[in-house]
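Here's the structure we're looking at; comments come further down.
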Amino acid sequence: GDSVTQMEGPVTLSEEAFLTINCTYTATGYPSLFWYVQYPGEGLQLLLKATKADDKGSNKGFEATYRKETTSFHLEKGSVQVSDSAVYFCALSRAGGTSYGKLTFGQGTILTVHP
Amino acid sequence: DGGITQSPKYLFRKEGQNVTLSCEQNLNHDAMYWYRQDPGQGLRLIYYSQIVNDFQKGDIAEGYSVSREKKESFPLTVTSAQKNPTAFYLCASSRGQAQADTQYFGPGTRLTVL
């Protein structure tokens, strides 16, 4: 079945450091890929998404590129802020059969940014 | 403002009781979902509904039930048959069920079994 694997956390960085959170997936066909962010005690918010190979999603300084050849969708940000501290989830959606409309999530990566 | 509301934010239940979690959306979305989140894990799908009066089981439906009598409402009942119900429950909705459709999430309900 479909699966998403994220780098294990927690990740701790200083403000203005470069961020990479790795995400790889297993799925047949061409899924859509998403990054969601969850702030403490809240629901998930869409951060960015990409729907086909080589697409780059971007938002709020975060970027991720859909790499079909390596089945990856790594999240990057050039300069993190304290306000970026949250849990980040990589997810995929694939149409067809029982997977229609369902999001498959990675386990989440906790990011803490210190001043 | 359009969005998804969930209530209550915190819920405490005694063992053997059924409880119902509310989810309402005013986004005019056709599809709605319920997920369960446990510490250190991703979200797992409990039930989903594509249209009114229709719903399907997700990956972990045992011990849960839902209804979809109105487009904007998708309540989840956690029954006494659910062996380990303490978790964070998230409701979501999307315009449709195409794989590129974004799911929008509510703020969640934290259920604790005493």
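Just so it is clear, the model here is predicted, and its values are computed rather than measured. The chains referred to below are lettered A, B, ... by the order of the sequence lines, with proteins before strands, and numbering in each begins at 1.
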In terms of heavy-atom pairs under 4.5 Å, which option from B/I4, B/L90, B/D38, B/L43 contacts chain A the most?
-> B/L43

Donor-acceptor under 3.5 Å ([X] side chain, [Y] main chain):
| X | Y | result |
| --- | --- | --- |
| B/Q25 | B/L27 | yes |
| B/Q6 | B/G108 | yes |
| B/N26 | B/G3 | yes |
| B/T109 | B/P8 | yes |
| B/S7 | B/S22 | no |

If contact means a heavy atom pair closer than 4.5 Å, which residues of residues 9-19 of chain B contact chain A?
-> B/K9

Checking heavy atoms, do the side chain of A/L44, its backbone, both or neither come under 4.5 Å from chain B?
-> both

Whatever's closer than 4.5 Å to a heavy atom in chain B on A/Q38 counts as side chain

Side chains of B/Q103 and B/Y35, donor plus acceptor under 3.5 Å | yes

Can you tell which part of B/Q37 gets under 4.5 Å to a heavy atom of chain A, answering side chain, backbone, both or neither?
-> side chain

With a 4.5 angstrom heavy-atom cut-off, which part of B/T102 approaches chain A: side chain, backbone, both or neither?
-> both

Flag side-chain contact, heavy atom, 4.5 Å: B/R68 against B/D54 | no

Any chance NZ of A/K68 has more than 12 other-residue heavy atoms, nucleotides or ligands included, within less than 6.0 Å?
-> yes

